[in-house]
Amino acid sequence: MTSDADSIKIPGAPASEPPSFDEPSEARGPLPSKPDQSGPATFTPTGVATTAPQDAVAQQGERLTTAQGLPLRDTDHSLKAGRRGPVLLQDHHLREKITHFDHERIPERVVHARGAAAHGRFEANGEAEPYTRAAFLKAGAVTETFVRFSTVLGSRGSADTVRDTRGFATKFYTSEGVYDLVGNNIPVFFIQDAIKFPDIIHAGKPHPDREIPQAQSAHDTFWDFVSLHTEAQHHTIWNMSDRGIPRSYRMMQGFGIHTFRLVNEEGATTLVKFHWRPRLGTHAVTWEEAQLIAGKDPDFHRRDLADAIEAGAHPQWDFGIQVLPDTEDQTFHGIDLLDPTKIVPEELAPVRIVGTMTLDRNPSNYFAETEQVAFHPGHLVPGIDVTSDPLLQGRLFSYLDTQISRLGGPNFAQLPINRPHAEINDMLRDGMHQTAVHSGVAPYHPNSLDGGCPFPAMVAGGDAFVDVPQPIGGEATGDIVTREQPASFDDHFSQARLFYRSLMPVEQLHIRQAYAFELGKVYEQAIKERQLQCLANIDGELCAFVADQLGLPVPAASEEVPEVEPSPALRMVTAERWPADGRQVGIIVDDETDAAAVASVQEALHAAGATPLVIAPHGGKLGELTVQRSFHTATSVELDAVVVLAPVVDPRVLELLREAFRHDKAIGFAGDAAALLADAAIAPTAPGIVTGEPAAVTAGVLELLPSHRVWEREEV
């Protein structure tokens, strides 16, 4: 028997050999399978057994190739017309890589599989008219919308509250055709070039041998990739913040990610970034709550959205734009506007509100609407155009291609949820699932047999989409067709530093804890050390905390990163106060509690827009009052605050109160219920604890609720 603990083999290694700290630079063939792994026996397609080894059907050789065996020099950059130009259609490798990726899952979405959606309307205020001729942004225009929120990594059966980026995709059914704004709740992305999208998703998805872990990034392959491909560090630190565990879809910001180009009536162009701002504020759950909710109610976010709409607490978002000059170099204050891993701080370019969206209807059929809705960044309208952002350029191909695979053919626009609310005369014919019955004999242009119809807009009149003519440079610029990127894309750490140092101390603490948890789930020491090196380049204090939690030395920074001016607009924890609409407040009672007092508290909470939930020893009735939760079914994580009207010494109630206290929620104790403070080990003088008569306690809790949490309880 040995006393050497290192000789004990702990299961869970992701590969058959440990990785090196540095990116491997010497060519070698594929690693063998792990000893515990075995593939299926080898048979021909017609059932004849062969003598071929099992690894004969796996990848072969040292070199990276196409599916046809063509050796590749580069798989990190799209082929562009100049270093800053648009991506070329001739890029066969990009098209093969993206096409294959788009068709990897049938029929579930490869990403954003776990979603919830709602119908609504958007009303423009006219503030965008100087910048765009888009009809739906003109003053007073009201446009039907359909919004789908989602997680990115998990399957359809995963939990809502995992730490992940959230999709925020909006379909505008405008008078000029469908416009899709396909964004996220984080304003930047992991990668700068769409050719890397299969790589980041393959890294973030469950390990392919065991299909675990589900719907999360706390594992080796994710951190292996982002620590090597350091342009991902800015998005990663946002994901490690509380933005990665939102309280509700109703309390989540949305961003268009890319820089877009607006065109006004005179043809003048402006660059913009799109923002959705929730009127309920931007809030999160705590990390412990997120884990508890995943077990107690994995449908927490979709239930919250549907229940709020059903209850009449219709969520609203203001739609805003950051207006940026359309200069030749497409930069702003030194920030490259074509780099999707960068933000423009709001202190440099304020967000101008151009309209408001209200979600007021739930889908009637999840499959027909939420599952079959098809978004595409190339669904544009006159007055809104794309830029040469290489991530956006690839998305323009990928989204259309993936809809054809997922929805069974090219006619997915004819599904009811995808149908435009405008006239269609497209000359597209036949194909699977064709439900239109076309007339005429000449679906081509020009024609005379159908009287020349359909006519281009220059003949028929009316507005039309015009691709903005953009120069791509010439001999004077030195630009060539190349798989390169501009030097400005090489800064991978300054904006991650900007984000971290802009936050309040409690938010920074949560980021430090998130990195420590996620990297604590990583098996390979080399990957942990490599990510610590990235953190050292972002912030020394952040790196030191995480290194201490991992029991590893603190590395020195490997790059000289400039100091930054903090951007307070990036904070979620602020002095602002938000509406209590749809917030759930538990009212703890027993059979002896005065029904009139309970009714009074209910009415006060309801009048403030909150949802009161009576929590009693049993279900059914409490006198004439209906009980919504019993002590057995109630859980702290579904509540935003608690009002205690009875001194109930029940272990389930005491645990609920302890959790609510740990999660920084307002708690009120009315009358002799204050005796529970000692039983729950809660100090009566702790921040956010209200005592007194029922009316005063309820008023005190409502005074605290608009701040979302009692952040003073956090040790920072």
Side-chain angles (χ1 to χ4, degrees), residues 151-153 160-168 183-190 204 215-218 222-223 226-227 230-249 251-255 257 275-278 281-291 293 301 341-343 345-346 492-521 531-532 534-535 537-543 545-546 549 564 566-574 576 663-664 708-709 711 714-716:
T151 54
V152 172
L153 292 176
D160 279 348
T161 56
V162 295
R163 183 179 293 281
D164 197 1
T165 304
R166 273 26 181 220
F168 192 133
N184 287 335
N185 72 323
I186 290 175
V188 292
F189 205 63
F190 286 108
Q216 57 182 293
S217 53
F222 173 81
W223 290 100
V226 301
S227 61
T230 53
E231 68 192 48
Q233 289 294 317
H234 189 198
H235 188 138
T236 299
I237 198 169
W238 280 75
N239 225 38
M240 293 302 105
S241 78
D242 290 343
R243 307 259 181 170
I245 45 175
R247 161 62 180 84
S248 165
Y249 289 137
M251 303 167 196
M252 191 175 80
Q253 288 185 345
F255 303 91
I257 304 169
H275 294 247
W276 288 111
R277 286 186 164 175
T282 306
H283 307 298
V285 294
T286 68
W287 177 230
E288 185 186 26
E289 280 183 300
Q291 296 173 85
I293 294 168
H301 283 152
T341 68
K342 303 294 193 299
I343 64 165
E346 293 179 33
H492 298 165
F493 297 109
S494 68
Q495 287 217 328
R497 171 176 288 185
L498 168 69
F499 178 71
Y500 182 76
R501 294 189 178 175
S502 297
L503 303 185
M504 296 293 283
V506 66
E507 296 176 279
Q508 293 179 339
L509 173 63
H510 293 170
I511 286 179
R512 296 195 295 271
Q513 292 170 334
Y515 275 111
F517 175 85
E518 295 252 334
L519 291 170
K521 292 285 189 178
Q531 179 59 31
L532 283 176
C534 294
L535 296 184
N537 293 335
I538 295 170
D539 184 86
E541 178 196 52
L542 168 63
C543 180
F545 178 96
V546 178
Q549 294 293 304
V564 295
S567 170
L570 298 177
R571 298 169 184 164
M572 290 174 63
V573 176
T574 69
E576 292 182 74
H663 302 155
D664 303 328
H708 180 59
R709 303 272 177 175
W711 297 115
E714 296 266 1
E715 293 183 7
V716 295

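- Residues satisfying the side-chain hydrogen bond (donor to acceptor under 3.5 Å, both in side chains) criterion with S494, sequence neighbours excluded, are D491.
- Scored by the salt bridge (Lys or Arg N to Asp or Glu O under 4.0 Å) test, R277 finds E346 as partners (sequence neighbours excluded).
- With sequence neighbours excluded, the residues satisfying side-chain contact (heavy atoms from CB on, under 4.5 Å) with E576 are T574, W578.
- The side-chain hydrogen bond (donor to acceptor under 3.5 Å, both in side chains) search around N239 returns T165, not counting sequence neighbours.
- Evaluation of the salt bridge (Lys or Arg N to Asp or Glu O under 4.0 Å) rule for R501 yields D539, E563 as partners, not counting sequence neighbours.
- Note: F517 and W287 have perpendicular aromatic rings, judged against thresholds of 30 and 60 degrees for the angle between ring planes.
- For F222, the ring-ring contact (aromatic ring centres under 6.0 Å, His included) partners are F190, not counting sequence neighbours.
- Residues forming a salt bridge (Lys or Arg N to Asp or Glu O under 4.0 Å) with D160 (at least two apart in sequence, or on another chain): R114.
- Under the 30°/60° scheme for interplanar angles, the aromatic rings of H708 and W711 are found to be tilted.
- Partners of H492 by side-chain contact (heavy atoms from CB on, under 4.5 Å), not counting sequence neighbours, listed by chain and number: Q192, T230, E231.
- In this view, N537 and S558 satisfy the side-chain hydrogen bond (donor to acceptor under 3.5 Å, both in side chains) rule, not counting sequence neighbours.
- A side-chain contact (heavy atoms from CB on, under 4.5 Å) with W238 is found for exactly one of I511, N185, N184, I186, namely I186.
- Every side-chain hydrogen bond (donor to acceptor under 3.5 Å, both in side chains) that R709 has, sequence neighbours left out, goes to E289.
- In this structure S502 satisfies the side-chain contact (heavy atoms from CB on, under 4.5 Å) test together with L498, P566, S567, L570, sequence neighbours excluded.
- In this structure, the side-chain contact (heavy atoms from CB on, under 4.5 Å) partners of A514, at least two apart in sequence or on a different chain, are R163, M240.
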